Q: 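Below are the structure tokens for one structure; questions will follow.
This structure is a prediction, so every number in the text was calculated from the model and none was measured. The first residue in the sequence is number 1, and the count goes up from there.
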Amino acid sequence: MSASTAELLLSRIRDVPDYPVEGVVFKDITPLLADPEAFAALTAELAELAVRYGATKIVGLEARGFILAAPVAVSAKLGFIPVRKAGKLPGATLKQGYELEYGTAEIEVHAEDLAPGDRVLVIDDVLATGGTAEASLALVRRAGAEVAGVAVLMELGFLGGRARLEPALGGAPLQALITL
């Protein structure tokens, strides 16, 4: 990615102090999404990664991952698979639990949407502690598919998500377009 593209993307991410709780600086991507030039540049960068990694399907993680992953799938001419919070998908699903800082959560995918032979690029907006991404990789593999890689708009490096995710990647690449 060019320095000018990285600068464009970063310039469209707004800091929101004390959200959702005091002491947290939330990284708001809605200004980036509202800017057609920035959103198109982001989509192009992620679609290029999908092609480079040989992905055959794109997984988007709820909820902002959906916003990023769906246009990438269209641009790269690949299928889009939503990974949702438990209880949101009808029909047969595969579920995966994971640990949060204060408790646990579950995500799920339709059982028939991924299959052996699929190479899956997982896309999300932020890599923070890595729990959701780690659980999504387990889901992809439980469905019999291969992990082509993980791509995120931004990585919050100080939260250690990359270190947590490394073992689950099994050698697949992890690409953050911006690291903070």
Side-chain angles (χ1 to χ4, degrees), residues 1-20 24-85 98 100-101 105 107 109 119-137 139-140 147-166 168-169 172-180:
M1 178 171 66
S2 72
S4 62
T5 300
E7 289 172 18
L8 172 64
L9 298 178
L10 190 55
S11 75
R12 300 307 189 271
I13 298 169
R14 178 177 57 165
D15 285 349
V16 181
D18 298 322
Y19 183 83
V24 171
V25 178
F26 182 79
K27 300 296 185 184
D28 181 15
I29 68 167
T30 58
L32 187 156
L33 301 174
D35 180 326
E37 179 187 0
F39 196 13
L42 172 59
T43 300
E45 289 293 332
L46 294 172
E48 190 277 324
L49 289 175
V51 171
R52 184 182 337 149
Y53 297 162
T56 60
K57 293 202 176 154
I58 303 292
V59 156
L61 303 182
E62 188 168 344
R64 290 181 301 233
F66 294 175
I67 297 167
L68 304 185
V72 169
V74 171
S75 179
K77 298 180 177 30
L78 302 173
F80 168 71
I81 312 299
V83 168
R84 305 232 30 210
K85 295 173 184 166
Y98 62 101
L100 297 169
E101 189 174 352
I107 55 173
V109 66
R119 287 186 44 81
V120 178
L121 176 63
V122 175
I123 294 179
D124 205 2
D125 64 328
V126 175
L127 175 63
T129 62
T132 308
E134 181 182 44
S136 73
L137 298 180
L139 270 180
V140 166
V147 174
V150 174
V152 296
L153 167 58
M154 71 185 121
E155 176 181 355
L156 304 179
F158 59 92
L159 292 176
R162 182 174 291 267
R164 177 179 180 171
L165 203 51
E166 281 295 328
L169 286 165
L174 167 58
Q175 180 68 50
L177 300 183
I178 298 168
T179 302
L180 303 173

Q: Which atom names give the shortest non-hydrogen contact between Leu127 and Gly161, and what distance separates them?
A: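 For Leu127 versus Gly161, the nearest heavy atoms are CD2-C, 4.1 Å.
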Q: Between Asp15 and Asp28, is any pair of side-chain heavy atoms under 4.5 Å apart?
A: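 Heavy-atom side-chain distance check fails, nothing below 4.5 Å.
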Q: Would you mind reporting whether Val16 and Val25 have side-chain heavy atoms less than 4.5 Å apart?
A: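 In short, these two side chains do not touch, never coming nearer than 4.5 Å.
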Q: Would you check, one step at a time, whether the test side chain to side chain contact (heavy atoms under 4.5 Å, CB included) holds for Ile123 with Val59?
A: CA-CA 6 Å; Ile123 294 179; Val59 156; over 6 Å; no
Q: Once side chain to side chain donor-acceptor pair (under 3.5 Å) is applied, do any residues pair with Glu45, and if so which ones, sequence neighbours excluded?
A: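 Glu45 satisfies side chain to side chain donor-acceptor pair (under 3.5 Å) with no residue once adjacent residues are dropped.
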Q: Would one find more than 12 heavy atoms of other residues, nucleotides or ligands at under 6.0 Å from atom CZ of Phe26?
A: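 Enclosed.
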Q: Report yes if some heavy atom in the side chain of Gln175 is under 4.5 Å from a heavy atom in the side chain of Val150; otherwise report no.
A: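 No, their side chains stay 4.5 Å or more apart.
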Q: What pair of heavy atoms forms the shortest contact from Ser136 to Leu61, and how long is it?
A: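 Looks like CB-CD2, 3.6 Å.
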Q: For a quick test of reading the model, state the closest non-hydrogen atom pair linking Val147 to Ala172 and the distance between them.
A: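 Taking Val147 first and Ala172 second, the nearest heavy atoms are O-CB, 3.7 Å.
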Q: Please give me the minimum heavy-atom distance between Leu9 and Ala38, naming the atom from each residue.
A: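 Minimum heavy-atom contact is CD2-O, 3.5 Å.
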Q: Give me the atom names and distance for the closest heavy-atom approach of Ala34 to Pro36.
A: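 For Ala34 and Pro36, the tightest heavy-atom pair comes out as O-CD, 3.3 Å.
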Q: How long is the straight-line distance from CG of Leu78 back to CZ of Arg119, given to the nearest 0.5 Å?
A: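 Between atom CZ of Arg119 and atom CG of Leu78 there are 11.5 Å.
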Q: Applying salt bridge (charged side-chain N to carboxylate O under 4.0 Å, His left out), name anything that partners Asp18, two or more places apart in sequence or on another chain.
A: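 None.
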Q: Apply side chain to side chain contact (heavy atoms under 4.5 Å, CB included) to residues Ile29 and Leu42 and explain how you reach the verdict.
A: CA-CA 11 Å; Ile29 68 167; Leu42 172 59; over 6 Å; no
Q: Starting at CG of Asp35, measure out to OG of Ser11 and round the result to the nearest 0.5 Å.
A: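 Rounded to the nearest 0.5 Å, the CG-OG separation comes to 7.5 Å.
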Q: Using side-chain heavy atoms (C-beta onward) and a distance below 4.5 Å, is Leu121 in contact with Lys57?
A: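 Not in contact.
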Q: Donor-acceptor pair, Thr43 side chain versus Phe39 backbone, under 3.5 Å?
A: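 Checked: pair present.
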Q: Taking the side chain as every heavy atom from C-beta outward, state whether Val126 and Glu155 have any atom pair closer than 4.5 Å.
A: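 Side chain of Val126 against side chain of Glu155, heavy atoms only: no contact under 4.5 Å found.
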Q: Atom CG in Leu159, atom CZ in Arg164: separation rounded to 0.5 Å?
A: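 Atom-to-atom, Leu159:CG and Arg164:CZ are 11.5 Å apart.
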Q: Can you measure from CE (Met154) to CG (Leu32) and round to the nearest 0.5 angstrom?
A: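 Atom-to-atom, Met154:CE and Leu32:CG are 8.0 Å apart.
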Q: Looking at every non-hydrogen atom in both residues, tell me the closest pair between Leu49 and Ala151 and how far apart they are.
A: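 Closest approach of Leu49 to Ala151, heavy atoms only: CD1-CB, 3.9 Å.
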Q: Looking at side-chain heavy atoms only, is the closest gap between Val83 and Val122 below 4.5 Å?
A: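 Answer no - side chains too far apart.
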Q: Contact between Leu165 and Leu174 at the side-chain level, heavy atoms closer than 4.5 Å - yes or no?
A: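 The answer is yes, as the side chains (C-beta and beyond) meet within the 4.5 Å cut-off.
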Q: How far apart are the C-alpha atoms of Ile58 and Leu46, what are their side-chain angles, what is the distance that settles it, and do they pass the side chain to side chain contact (heavy atoms under 4.5 Å, CB included) test?
A: CA-CA 10 Å; Ile58 303 292; Leu46 294 172; over 6 Å; no
Q: Indicate every side-chain donor-acceptor pair of residues 62-72 with a distance under 3.5 Å to a residue at least two apart or in another chain.
A:
unit_1: Glu62; atom_1: OE1; unit_2: Arg84; atom_2: NE; d: 3.0
unit_1: Glu62; atom_1: OE1; unit_2: Lys85; atom_2: N; d: 2.8
unit_1: Glu62; atom_1: OE2; unit_2: Arg84; atom_2: NH2; d: 3.4
unit_1: Arg64; atom_1: NE; unit_2: Asp125; atom_2: OD2; d: 2.3
unit_1: Arg64; atom_1: NH2; unit_2: Asp125; atom_2: OD2; d: 3.0

Q: Identify which one of Asp124, Ile13, Leu10 satisfies the side-chain contact (heavy atoms from CB on, under 4.5 Å) criterion when paired with Leu153.
A: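 So, applying the side-chain contact (heavy atoms from CB on, under 4.5 Å) to Leu153 and each of Asp124, Ile13, Leu10, only Ile13 qualifies.
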Q: Looking at CD1 of Ile81 and CG of Leu139, how far apart are the two atoms once the value is rounded to the nearest 0.5 Å?
A: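 It comes to 12.0 Å.
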Q: Counting C-beta onward and ignoring hydrogens, is there a side-chain heavy-atom pair between Tyr98 and Thr132 closer than 4.5 Å?
A: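 Heavy-atom side-chain distance check passes, below 4.5 Å.
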